[in-house]
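By convention here, the first residue in the shown sequence is residue 1.
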Amino acid sequence: KEAEGEKQRQINMAEGGAQAILRVAEATGEGLKKVSAAVEQPGGEKAMQLRVAEQYVEEFGNLAKTNNTIILPANLGDLAGMISTAMTFIKKGDKV
């Protein structure tokens with residue numbers, strides 16, 4: 001009976017994990033639809049560019065806090081170029 005109980009516990013955990021993954025995927029899809037619609041609004045692309053820049057700076061700052069060694073991109077000061085590159089990838093994704 002103990003082995004049967006353990007087996008059922010593992011099945012229940014696996015099913016719960018699968019449901020959690022599905023819910024996260026569904027929520028991510030809905031979020032992406034909302035972001036896509038927002039980008040299409042007037043000023044949406046500029047807002048997205050600002051958000052990408054904010055995340056870039058934030059994540060780079062996090063690297064500086066947690067690591068003793070930092071690998072710097074050659075064009076660290078070219079934030080506009082980084083945003084342009086990100087926007088190119090995003091726009092190419094629209095055509096896929």
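- For residues 15-29, no residue pair satisfies the salt bridge (charged side-chain N to carboxylate O under 4.0 Å, His left out) rule, not counting sequence neighbours.
- Residues satisfying the side-chain contact (heavy atoms from CB on, under 4.5 Å) test with Val39, not counting sequence neighbours, are Val35, Met48.
- In terms of the salt bridge (Lys or Arg N to Asp or Glu O under 4.0 Å) criterion, Glu58 has no residue partners (sequence neighbours excluded).
- Side chain of Ser36 to backbone of Leu32: no donor-acceptor contact under 3.5 angstrom is found.
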One pair to check against side chain to side chain contact (heavy atoms under 4.5 Å, CB included): Glu4 and Lys1. What are the steps and the verdict? CA-CA 5 Å; Glu4 284 293 320; Lys1 288 193 175 208; 5.5 Å; no
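- In this structure, the side chain to side chain donor-acceptor pair (under 3.5 Å) partners of Gln8, at least two apart in sequence or on a different chain, are Asn12.
- Applying the salt bridge (Lys or Arg N to Asp or Glu O under 4.0 Å) criterion to Arg9, with sequence neighbours excluded, gives Glu6.
- The salt bridge (Lys or Arg N to Asp or Glu O under 4.0 Å) check on Lys33 picks up Glu30, with sequence neighbours excluded.
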